[in-house]
Amino acid sequence: MTDVHPEQLLREVAALPALPGVYRYFDAAGVLLYVGKARNLKRRVASYFQKNHGGTRIGHMITKIVRMETTVVRSEAEALLLENNLIKQLGPRYNILFRDDKSYPYLKIAAHEFPRVAYYRGSVEKKHQYFGPFPSAWAVKESIQLLQKAFRLRTCEDTVFSNRTRPCLLYQIKRCSAPCVGLISPEAYGLDVRNAGRFLRGETREVIDALQAQMMVHAEKLEFEQAAELRNQVTALSRVLHQQSIETASDKDVDILAVKVQGGRACVNLAMVRGGRHLGDRPYFPVHVEDAAAMLVDEDDLDSPEDPAAQVPASGGGEPDAVVVPDGAPAAPASVRVPVETRVLEAFVAQHYLDIPVPPALITSAPVSRGLLDALALQSGTRVTAVHNPREQRRIWLEMAQKNAELQLARLLAEEGSQQARTRALAEALDLPMDVLDELRIECFDISHTAGESTQASCVVFQHHKMQNGEYRRYNIEGITPGDDYAAMRQVLTRRYSKVAEAARAAAEAGDGDGAVPPGDKPRMPDLVLVDGGKGQVSMARGVFAELGLHLSLIVGVEKGEGRKVGLEELVFADGREKVYLGRDSAALMLVAQIRDEAHRFAITGMRAQRAKVRVGGSKLEDIPGIGPKRRARLLQRFGGVRGVAAASAEDIAQVEGISADLAGEIYRALH
C-alpha cells in the first residue's frame, strides 16, 4: 500500500516515537478522516501502511490518507482524553461520534438570606448550590414541586420577592412559607433549605428522622401548630419515598447506560439516579456508526494476537485494555474482536463525560475497559467504577434502560423509514431520479411580512430525508413596493441562484459537458425548488430561471386547494405540465406540506424578530456597545421599557446611574 502514499508521509511514519499519543489522518482536500490513540505511536501507525487491507473499509480509508498529524502525550489515559476531545470537536468520518443536542439542566438554590429554588441551565457559580445534572427540564421542575410541597421554599424572582406586601397564592396553597412578608424567620427558613439540600443529596431517611424528632419536641411543649407543620412535611416526604421508590441504600448518584444497535443505527439510553432518585432518561443517537464500526472491526487485525498488549479496546478508535467485570476486578485478556455495542458504549462514555461530571458509579449493558475508567478518574479526580452484570435494584434500573433503548431505536428507525417512504413517494409522483434518493435536495421559499413591514424571505433545505437546519437562510427584502410578494420572490430567487448560474456558464465556456454544475461542487443547484404559491409565484420564478438560464422543470409551486383547506393543495409546474393533485393521504403531499410549513415557520420567526428590532429604532439595547445587563436594567427601570428609552432625550438618558454623556449619545443614536 505504500506506493499510493506521498514519500513525505511515509518518512513521517518511520520517524514516529515509540510513545503514547494521538494520530489524525487527512485526505487530499484537508478533510479529517480519522482520529485514533496508541500506547505506541510508531508501532500502531506503521501497521496501517505495512499491511494489505484489501477492499475493506479501513483499506478504503487508508488509500485516501495524504497527510498525518500526531501529538505525543504522557500516558495512555491522556491519549484517550485527547482523542475523544478531538473526535467531539472535529467530527471525523470514520469515528463514532455523539453530538451534543443541548446542555443539561440543574436545580439551583441561590445564595440569599431567603434562598430561592429555581430551574437553571448554564455555567455555575460557587456562591450558589447546584444539584444535578438532570436528564430533562421536566425532571428539574418535578423536583422543584417536591421541594415546594415538602419544604415550602420560594420560587419567585428577587425583584418580585423584594416588592411583595402580602403573601401570594403559593402561600395560600401551602407551597411557600411567605418569607417575603416575614411569616417565617431566617433561621427556620434556613433549616428548611438545609433539609432540602440533604433530600436532594439522597439523605431522605435522615431528614425524616430529624423532622420527626423536632415534631416530638414541639408536641411535648404543647406547641401543636408547629408539630402539625412538621408532621405535614414528614407525610409529604414519606409519600415521595413511596411514589418514587427511592433507593436509600448505597447508590446515591449513578448513571445507567444501555446500548442497542440495529439496522446500521445505534441508541445509547442514559438514565440518571441522583440522591437515590431515578430522574428519568435521555436517548443519544451517534452518527457514522456503520462506517466506524465496520472499519474498527477491520482495524482489530492491526493488533497482533500474540502481542501481550492486544486486549479489549478502551474506546472507539484506540488501543485495547482489560475489561471490568461485575465485581469491578479486571478480567483476563479477551479476544481481539470487540462487539459493536461495546465500541458504541465506550465511545459514548469517553465523549459524554468530557463536559458532564461523571458519577462515582456506572451501570452498563456492556463491559467498558479499565483504561477508560482510569481516564475518567484522571479527569474528574475521583474513583469511577463500572458494573455490567448488576443485581437487585441495579438490575431493575438496567433492564428499564435497555427497554427504553430498544423503544427509542425502534422509533428512530420507524421515523426514518417513514421519511424515506415520503421521499420515494414524492420522487415517483414528480418523475425524479430514483437512484439517488439519499442525495435528493429540495429547497423551499416563503415570503413573510406584516402589511408590507419587515419583509423577509426564507429558504429551507431538505436533504438526506430530513430538514437540514444548518443550511437554512433568511433574506431581508429591500427596494420593493411594500406588500409585493411577487417582487420579493423574484429578488430572493435571483440572489439565491445567480451564483449557480454563473458557475454553470463558466463550466460551459470551459467545455465541461453541458454546463451543469457537478453535484459535489459549491454552489450547487437543488433537484427541486418549491415556492409557496400558485400560478403567480410560479410565473415569477419561471421568469427568474429563464433569465439565469436554469432548467424550468425544477420549479414547483404549492397552490392552496378549494377553500384553502389543508390536504387539497395542488402542485403547479413552471415547464407547462398539468397541475397534480396528490391526494389528502398521500405520503408525497405530507412531505411537501412538511417542507412548506417549515419554510413558513422560518420566515415568520425571522420577520417578527426583524419587526421588533425596527420598531424600537433599529436596535436592541443589548446590541449597543457598552450596555451590559446592569446598565440595561437601570435604563429599563428608569424609563419603563425599551420604548421609553427610545422616547427619552440624550440628556435624560445621561441622568441614569452609570451612563456617561458620550454613552447616552450612542444610545440615542442607536435607537433613532
Side-chain angles (χ1 to χ4, degrees), residues 426-433 440-449 455-463 471-508 513-517 519 523-562 564 568-582 588-589 591-593 595-600 602-603:
L426 182 61
E428 291 174 349
L430 301 181
D431 293 326
L432 299 174
L440 180 68
R441 182 181 179 92
I442 302 173
E443 295 185 359
C444 182
F445 296 85
D446 190 26
I447 308 296
S448 186
H449 58 81
T455 303
Q456 278 208 349
S458 69
C459 174
V460 300
V461 178
F462 176 89
Q463 194 175 23
E471 298 189 47
Y472 289 9
R473 295 293 181 269
R474 290 192 180 100
Y475 298 84
N476 292 324
I477 304 300
E478 299 173 347
I480 65 170
T481 303
D484 188 346
D485 288 354
Y486 294 147
M489 183 63 72
R490 178 180 181 83
Q491 184 176 131
V492 67
L493 291 176
T494 302
R495 291 166 62 182
R496 180 72 175 178
Y497 298 121
S498 58
K499 292 183 179 179
V500 181
E502 291 173 7
R505 283 194 295 271
D514 60 357
V517 180
R524 63 157 293 185
M525 197 67 191
D527 301 293
L528 197 65
V529 176
L530 290 179
V531 295
D532 187 18
K535 291 182 179 179
Q537 290 287 27
V538 169
S539 177
M540 178 61 67
R542 182 171 58 240
V544 172
F545 273 45
E547 291 177 8
L548 296 176
L550 300 173
H551 294 295
L552 301 182
S553 60
L554 301 178
I555 305 169
V556 178
V558 186
E559 185 176 64
K560 299 291 192 301
E562 183 180 353
R564 303 177 68 85
L568 299 180
E569 293 91 345
E570 294 179 317
L571 301 185
V572 183
F573 301 95
D575 59 0
R577 281 177 286 171
E578 293 293 326
K579 291 183 181 180
V580 170
Y581 171 63
L582 297 173
L589 180 61
L591 178 57
V592 169
I595 299 171
R596 187 268 316 273
D597 292 346
E598 178 67 357
H600 189 56
F602 192 60

For R577, enumerate each residue passing the salt bridge (Lys or Arg N to Asp or Glu O under 4.0 Å) test, keeping only those at least two apart in sequence or located in another chain. D575
Listed by chain and number, what are the salt bridge (Lys or Arg N to Asp or Glu O under 4.0 Å) partners of R542, not counting sequence neighbours? none
Please enumerate all residues that pass side chain to side chain donor-acceptor pair (under 3.5 Å) together with Y475, with sequence neighbours excluded. R496
Where do F445 and L530 land on the side-chain contact (heavy atoms from CB on, under 4.5 Å) test, with the steps shown first? CA-CA 6 Å; F445 296 85; L530 290 179; over 6 Å; no
Non-neighbouring partners of D446 that pass salt bridge (Lys or Arg N to Asp or Glu O under 4.0 Å), sequence neighbours left out: none
Do I442 and L426 have side chains that approach each other closer than 4.5 Å (heavy atoms only, starting at C-beta)? yes
Residues in side chain to side chain donor-acceptor pair (under 3.5 Å) contact with Q537, at least two apart in sequence or another chain: none
L582 meets the side-chain contact (heavy atoms from CB on, under 4.5 Å) criterion, sequence neighbours left out, with A429, L571, V580, S586, A588, L589
Quick one: are L550 and Y497 in side-chain contact, heavy atoms under 4.5 Å? yes
Who are the ring-ring contact (aromatic ring centres under 6.0 Å, His included) partners of F462, not counting sequence neighbours? none
Which residue pairs satisfy the salt bridge (charged side-chain N to carboxylate O under 4.0 Å, His left out) criterion with at least one member in residues 472-493, sequence neighbours excluded? R490-E547
Results of side chain to side chain donor-acceptor pair (under 3.5 Å) for Q463 - residues two or more places apart only: R441
Using every non-hydrogen atom in the two residues, find where A487 and M540 come nearest and quote the distance to one decimal. N-CE, 4.5 Å
How long is the gap from CG on L432 to CG on L554, to the nearest 0.5 Å? 9.5 Å
List the atom of I447, the atom of A457, and the distance in Å for their closest heavy-atom pair. CD1-CB, 3.5 Å
Side chain to side chain donor-acceptor pair (under 3.5 Å) partners for K535, two or more places apart: none
Shortest non-hydrogen contact between S458 and A603, atoms and distance: OG-CB, 3.4 Å
Distance from R596 atom CZ to C444 atom SG, nearest 0.5 Å? 8.0 Å
Can you see which heavy atom on T494 is nearest to which on V544, and at what distance? OG1-CG1, 3.6 Å
Here the gap from Q456 atom CD to F602 atom CZ, rounded to the nearest 0.5 Å, amounts to 8.5 Å
Could you go through I555 and F545, starting from their C-alpha distance and side-chain angles, then the distance that decides it, and tell me whether this counts as side-chain contact (heavy atoms from CB on, under 4.5 Å)? CA-CA 9 Å; I555 305 169; F545 273 45; 3.5 Å; yes
On a heavy-atom basis, the closest approach of A501 and L548 is CB-O, 3.3 Å
To the nearest 0.5 Å, tell me how far L430 CG sits from L528 CG. 6.0 Å
